[in-house]
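Heads up: the structure comes next, in structure tokens.
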2 protein chains.
Amino acid sequence: MLVKRAIGSNPDFFRSIPIALFYFYPMKKSILLYGLAMAVLLALLKFLQYKYLIRDLGIEVYLTIVAVFFTVLGIWAGLKLTNPKQVIQASEEKAGDPEAMLAEYGISNREFEVLQLMAKGHSNQEIADELFLSLNTIKTHSTNLFSKLDVKRRTQAVDKAKSIGIL
Amino acid sequence: MLVKRAIGSNPDFFRSIPIALFYFYPMKKSILLYGLAMAVLLALLKFLQYKYLIRDLGIEVYLTIVAVFFTVLGIWAGLKLTNPKQVIQASEEKAGDPEAMLAEYGISNREFEVLQLMAKGHSNQEIADELFLSLNTIKTHSTNLFSKLDVKRRTQAVDKAKSIGIL
DNA sequence: TTTCCTTTCACACTAAAGTACCAATCTGGT
DNA sequence: ACCAGATTGGTACTTTAGTGTGAAAGGAAA
């Protein structure tokens with residue numbers, strides 16, 4: 001909808017959208033955002049193409065912009081995809097029953113991730129940056145985590161988590 | 001602007017770009033390969049452009065191919081860059097004597113006492129009460145302790161203290 | 001005695017952590 | 001399709017934590 005209103009003047013542009021979205025059909029919101037970003041960029045370039053004489057500058061310039069943009073986008077996507085990976089690895093390190101304890105205390109995945117970074121001495125802002133979340137979200141997670149662990153501070157949470165063997 | 005509106009719901013995206021580029025910076029070979037892959041693809045497309053009539057299919061198809069390719073490339077880069085994360089922290093693991101380490105870092109008795117209580121998750125006020133000291137004194141001790149351990153927060157102090165074997 | 005370190009504490013300030021409440025979206029089952 | 005839990009965020013607020021500066025008292029060593 002948003003896209004449609006922005007580029008309404010270039011109907012032939014829409015041919016590219018289904019192509020982009022095709023590859024990611026089974027996926028969810030992030031992919032939708034990906035397609036959207038792609039569409040927007042294409043629209044922008046298309047717009048510039050008519051506005052200025054980019055065609056005269058050569059198609060290479062055109063492609064380079066797209067290439068760089070989507071590389072960055074890809075790196076970002078890659079970083080996002082690897083985050084849940086580390087959690088799995090970390091939770092499998094302990095030979096005990098960390099998973100059982102997490103379930104016992106009703107600690108969710110995200111909460112555990114936050115807990116792990118807390119234990120490494122990271123600040124809420126740092127955790128937010130590393131997980132690509134907002135500071136408020138980290139605060140929410142940590143508050144919920146504290147109530148589940150029945151503690152009041154992050155240092156207590158780390159201490160208790162280690163004592164019950166989930167860290 | 002246009003792009004920002006499209007991904008507007010996730011402003012963290014833009015914060016992640018410098019992060020991604022930061023990890024990317026020290027890797028010279030990867031950048032070289034990146035440029036090479038880019039050049040090869042551009043050449044290939046250029047070649048196809050003359051060989052067949054891709055231009056008639058529209059610039060969108062052209063761009064879509066490039067976009068998808070470099071997204072995949074970016075994801076690959078992202079995956080590669082996130083792996084050597086945990087190696088860095090393992091460098092300071094010197095399992096040694098506790099007393100020797102205290103001397104090594106110039107940590108005094110009181111500071112160590114404070115550190116121990118910190119590790120148990122106690123607040124500054126609680127520590128002050130337990131040691132019959134004022135809150136300000138605890139703050140002074142902890143500030144000095146942090147500078148000696150070269151950390152900025154109590155959680156980091158506890159983490160580092162454990163890693164160097166004084167806790 | 002002088003010097004250095006430790007320990008103690010104060011005040012004023014900034015930064016971070018944490019609480020409370022709310023709400024939208026997403027996800028996994030039933 | 002609906003629902004419970006998970007995830008993500010926001011606002012406004014209170015509480016701790018941490019910094020910078022200064023200072024006083026005691027002990028140990030030169």
Side-chain angles (χ1 to χ4, degrees), chain A residues 24 26-34 36 80-81 83-84 87 102-103 105-115 117-160, chain B residues 7-16 102-103 105-115 117-160:
Chain A
F24 307 99
M27 299 189 183
K28 302 287 165 69
K29 183 188 165 191
S30 27
I31 299 312
L32 234 157
L33 281 177
Y34 172 79
L36 238 152
K80 261 216 144 175
L81 292 174
N83 279 334
V87 178
L102 288 177
Y105 285 85
I107 297 172
S108 70
N109 271 24
R110 265 317 203 200
E111 285 160 1
F112 182 56
E113 283 186 89
V114 172
L115 177 60
L117 293 174
M118 268 184 189
K120 291 208 268 178
H122 296 198
S123 70
N124 284 338
Q125 185 60 63
E126 287 170 350
I127 297 174
D129 291 341
E130 287 168 71
L131 298 181
F132 303 105
L133 298 176
S134 94
L135 176 59
N136 284 315
T137 302
I138 304 302
K139 286 185 177 184
T140 301
H141 285 323
S142 56
T143 295
N144 292 334
L145 183 63
F146 297 159
S147 92
K148 286 175 182 177
L149 284 176
D150 192 30
V151 297
K152 293 205 168 299
R153 283 174 296 280
R154 54 180 39 227
T155 44
Q156 282 184 339
V158 171
D159 184 54
K160 178 147 189 178
Chain B
I7 325 178
S9 59
N10 192 7
D12 296 321
F13 168 77
F14 295 98
R15 241 191 300 165
S16 69
L102 289 177
Y105 285 85
I107 297 172
S108 70
N109 271 22
R110 270 311 208 201
E111 285 160 1
F112 182 56
E113 284 186 89
V114 172
L115 177 59
L117 293 175
M118 268 184 188
K120 291 208 267 180
H122 296 199
S123 71
N124 284 339
Q125 185 61 63
E126 287 170 351
I127 297 174
D129 292 342
E130 288 168 70
L131 298 180
F132 302 105
L133 297 175
S134 98
L135 176 58
N136 285 316
T137 303
I138 304 302
K139 286 185 177 183
T140 301
H141 285 322
S142 56
T143 294
N144 292 333
L145 183 63
F146 296 160
S147 91
K148 286 175 183 177
L149 284 176
D150 191 30
V151 297
K152 293 205 167 299
R153 283 175 296 279
R154 53 177 45 225
T155 45
Q156 281 185 341
V158 171
D159 183 55
K160 178 148 189 177

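Numbers restart at 1 for each chain; the letters A, B, ... are given by sequence-line order, proteins then strands. Not measured: the values here are computed from a predicted model.
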Closest to the [X] side chain: [options]?
X	options	result
A/His141	C/dA16, D/dT16, D/dT8	D/dT8
B/Ser134	C/dA10, C/dT19, D/dT8	C/dA10
B/Arg154	D/dA17, C/dA17, C/dC9	D/dA17
B/Lys139	C/dT7, D/dT19, D/dG9	D/dT19

Could you tell me the separation between the [atom1] atom of [X] and the [atom2] atom of [N], rounded to a whole number of Å?
X	N	atom1	atom2	result
B/Phe146	C/dA16	CZ	P	14 Å
B/Leu135	D/dT15	CG	C1'	12 Å
B/His122	D/dT16	NE2	P	15 Å
B/Asn109	D/dG26	CG	C1'	15 Å
A/Gln125	C/dG18	CD	C1'	15 Å
A/Phe132	D/dG9	CZ	C1'	17 Å
B/Gln156	C/dA16	CD	C1'	13 Å
A/Leu145	C/dA17	CG	P	14 Å

Quiz item: Does the side chain of B/Glu113 come under 3.5 Å of the side chain of B/Asn109 through a donor N or O and an acceptor N or O?
Solution: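 Absent: no donor and acceptor within the cut-off.
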| task | Establish, from distance only, whether the side-chain atoms of B/Thr140 and B/Thr137 form a donor-acceptor pair under 3.5 Å. | result |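 No, because no side-chain N or O of B/Thr140 sits under 3.5 Å from a partner of the opposite role on B/Thr137.
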Reckon [X] touches a base, only the sugar-phosphate, or nothing at all at heavy-atom distances under 4.0 Å?
X	answer
B/Leu133	sugar-phosphate
B/Thr143	base
A/Ser108	sugar-phosphate
A/Thr140	base

Distance test, side-chain N/O of [X] to OP1/OP2 of [N], below 4.0 Å:
X	N	value
B/Thr137	C/dT8	no
A/Arg110	D/dT8	yes
A/Asn124	C/dA16	no

Any donor-acceptor pair under 3.5 Å from A/Lys148 side chain to A/Ile107 backbone
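Such a contact is absent between A/Lys148 side chain and A/Ile107 backbone.
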- Just by distance, do the side chain of A/Gln156 and the backbone of A/Lys152 share a donor-acceptor pair under 3.5 Å?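 Yes; at least one donor-acceptor contact below 3.5 Å.
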- To 10°, what angle do the rotation axes through the five end pairs on each side of the helix from C/dT1-D/dA30 to C/dT30-D/dA1 form?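 End axes: 50° apart.
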Quiz item: Taking NZ, NE, NH1 and NH2 as the nitrogens, is one of them in A/Glu130 or A/Lys120 under 4.0 Å from a carboxylate oxygen of the other?
Solution: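 No.
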After noting the C-alpha distance and the side-chain angles of A/Phe146 and A/Lys160, does the key distance pass the side-chain contact (heavy atoms from CB on, under 4.5 Å) rule? CA-CA 10 Å; A/Phe146 297 159; A/Lys160 178 147 189 178; over 6 Å; no
Hey, which sits more toward the 5' end of DNA chain C by its nearest nucleotide, B/Leu131 or B/Arg153?
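Mapping each residue to its closest nucleotide by heavy atoms, the 5'-most match is B/Leu131.
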Exercise for review: Flag the pair A/Ile138 / A/Leu117 as yes when at least one side-chain heavy-atom distance between them is below 4.5 Å, and no otherwise.
Suggested key: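 A side-chain contact is absent here, since even the closest heavy-atom pair is not under 4.5 Å.
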- Message: Within the 4.5 Å heavy-atom criterion, are B/Arg153 and A/Glu126 side-chain neighbours or not?
- Response: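 In contact.
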